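The structure appears right after this line, and notes come after that.
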Amino acid sequence: MSPLAPNDVPPLKHDPYAAFRSRNYRYFVGGFSLGTIGMQMQTVAVGWEIYSWTHSKLALGWIGLAMALPTIVLALPAGHWADRFDRKKITCISLLLTSLCALMIGVLSVLTNRGQFSVHTAQWVMYGLLVLEGSAACIGRPARAALLPQIVKPSVFPNAVTWNSSVFELSSMLGPAIGGLIVYRFSPATAYFSNAVLALVYGAFLLMLRVERRPQALRRAAGLKDLLAGIEFMFATKLLLGVVTLDMFAVLLGGATFLLPVFAKDILGGTELEYGFLRAAPSIGAFTMAFVIAHLPPFKRAGRVMLLAVAGFGLVTIVFGLSRSFPLSFAMLVLTGAFDNVSVVVRHTLIQVLTPDSMRGRVSAVNQVFIGSSNELGGLESGVTAEWWGPVASVVFGGIGTVLVVIGCAAIFPPIRAVGRLTDVQPPDDPPASPELNNLKLIEEAAREGTD
């Protein structure tokens, strides 16, 4: 059966809650939600505190660089470790280290606000701690992403991906709102300490997972060539390269997240509460869209839907940049989240389904380099261009760039337009020995057939 061929068997009745019938998945997603809430609370606190200390748009951009560096340096080795070692243990160790870093950030905030550190010194120490925390988180991300297919049945994996996205967005909606309230009523340090506790709780949930031991053949030692196999696989699979490229440049150019303290405080005249709601707005839209997707039959033309969604993301970003009304700005951010969620569901499902299990960690790491670092580097780009042109021009031109990226990717990567139902996408078989790219020709041929 070709990877993108329609399934000849009549489809079973759609079960929107199939993933939650798995005990493993309930533990996985429960911990994931708490960990995400904690990290979002901390992100809100860091952005507000840095801007309050410095009143500099560029200082917000440096937060993005501090968060991007660990991904650029560590993502590929982390993916290699995820394919060689126990994925559950790696993720738990990552969460423990993340908790320790969050604790240190909280201590730094307390000491600085008591006058025991100068603001200038504290700012750069904060960046350093963010690099350490990002490194700890980066170690665990490929292992966590590759763990999901091991704990749910293949038949419900697309449903699990959709609900993962829903839960992530719900947590990302609650996290900033709670974080803004905590900063407003208490202090940024309270948000940092809360994140440290929730990361430990997340690890405790993962310890309760029952994961079948992977065959030793899939965890063999490897050299540099094997370390880079994820890049080779991604570039050899034009469909995956296309969807990742589309998302990477759209996020790099179209993200306004790192400038939200500026919009909330200086342009819309809000406080920490309004800032928290603006940070939560994209997740409100994404959660709503993910909930809708989970209850609807699969997209018939998933590739084209993804292209339209990313274009919509760029258009509403332009409107947000021009808005001077809090309700309109909030609504546009809600729509950015809704459009982005469509792209996330399609991309993540294709990456996990079309990747052999023996390579899921490394391919997830490559995806992390493309997408994860582009989020943070987009923050640096936003900070630099906002310092040069002002925040409004930075966001508007970024939205225009996103629309142009969609047009370019649709022309350069025809296989994206060929993707039909995600439930019809079939994974290549795991090769018995080493040639892990055996099935790429089948994938490419099927994608080309869809464009004829």
Side-chain angles (χ1 to χ4, degrees), residues 40-65 67 123 169 172-184 188 191 250-286 312-340 374-403:
Q40 292 293 331
M41 289 165 53
Q42 174 175 298
T43 301
V44 166
V46 167
W48 188 266
E49 188 158 49
I50 289 289
Y51 192 63
S52 297
W53 284 349
T54 65
H55 302 286
S56 166
K57 304 172 189 66
L58 186 58
L60 295 173
W62 292 129
I63 296 175
L65 180 61
M67 296 171 68
Q123 173 191 352
E169 299 302 347
S172 297
M173 175 177 67
L174 294 175
I178 296 171
L181 180 61
I182 287 176
V183 173
Y184 180 74
V251 169
L252 182 65
L253 296 173
T257 303
F258 282 83
L259 293 179
L260 287 184
V262 182
F263 277 87
K265 193 172 186 179
D266 298 341
I267 295 177
L268 300 176
T271 66
E272 297 94 329
L273 283 177
E274 283 78 13
Y275 168 52
F277 282 116
L278 288 179
R279 282 299 301 249
S283 296
I284 293 173
F313 177 89
L315 292 174
V316 297
T317 297
I318 295 170
V319 177
F320 168 79
L322 297 173
S323 171
R324 294 296 181 274
S325 162
F326 181 84
L328 178 61
S329 297
F330 182 84
M332 291 302 101
L333 289 175
V334 169
L335 289 176
T336 63
F339 287 128
D340 183 58
S374 66
N375 275 287
E376 282 74 35
L377 290 177
L380 176 62
E381 177 268 335
S382 296
V384 171
T385 55
E387 194 75 18
W388 292 346
W389 308 331
V392 173
S394 173
V395 171
V396 169
F397 284 122
I400 294 171
T402 298
V403 175

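This one's a predicted model, so the numbers in the text were calculated from it and none came from an experiment.
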[X] side, atom [atom1]; [Y] side, atom [atom2] - distance, nearest 0.5 Å:
X: Met41; Y: Leu181; atom1: CE; atom2: CG; result: 9.5 Å
X: Glu274; Y: Leu268; atom1: CD; atom2: CG; result: 9.0 Å
X: Ile50; Y: Trp62; atom1: CD1; atom2: CH2; result: 13.0 Å
X: Leu335; Y: Ile284; atom1: CG; atom2: CD1; result: 11.5 Å

Pairing residues for [X] by the side chain to side chain contact (heavy atoms under 4.5 Å, CB included) criterion, not counting sequence neighbours:
X: Pro261; value: Tyr51, Leu60, Tyr275
X: Ala338; value: Met289
X: Ala393; value: Trp389, Phe397
X: Ser52; value: Trp48, Lys265

Return the minimal non-hydrogen interatomic distance between [X] and [Y], and the atom names on each side.
X: Ala191; Y: Ala45; value: CB-CB, 3.9 Å
X: Ile63; Y: Gly47; value: CD1-CA, 4.2 Å
X: Thr317; Y: Val395; value: O-CG1, 3.5 Å
X: Leu333; Y: Ala281; value: CB-CB, 3.6 Å

Is there any side-chain hydrogen bond (donor to acceptor under 3.5 Å, both in side chains) pair reaching into residues 321-330, and which pairs are they, with sequence neighbours excluded? Ser323-Ser329

Go through the steps to decide whether Ile400 and Val396 satisfy the test side chain to side chain contact (heavy atoms under 4.5 Å, CB included), and finish with yes or no. CA-CA 6 Å; Ile400 294 171; Val396 169; 4.2 Å; yes

Once ring-ring contact (aromatic ring centres under 6.0 Å, His included) is applied, do any residues pair with Phe263, and if so which ones, sequence neighbours excluded? Phe320

Tell me whether Tyr184 at atom OH has more than 12 heavy atoms from other residues, nucleotides or ligands lying less than 6.0 Å away. no

I'd like to check the side-chain hydrogen bond (donor to acceptor under 3.5 Å, both in side chains) partners of Gln40; sequence neighbours left out, ordered by chain and number. none

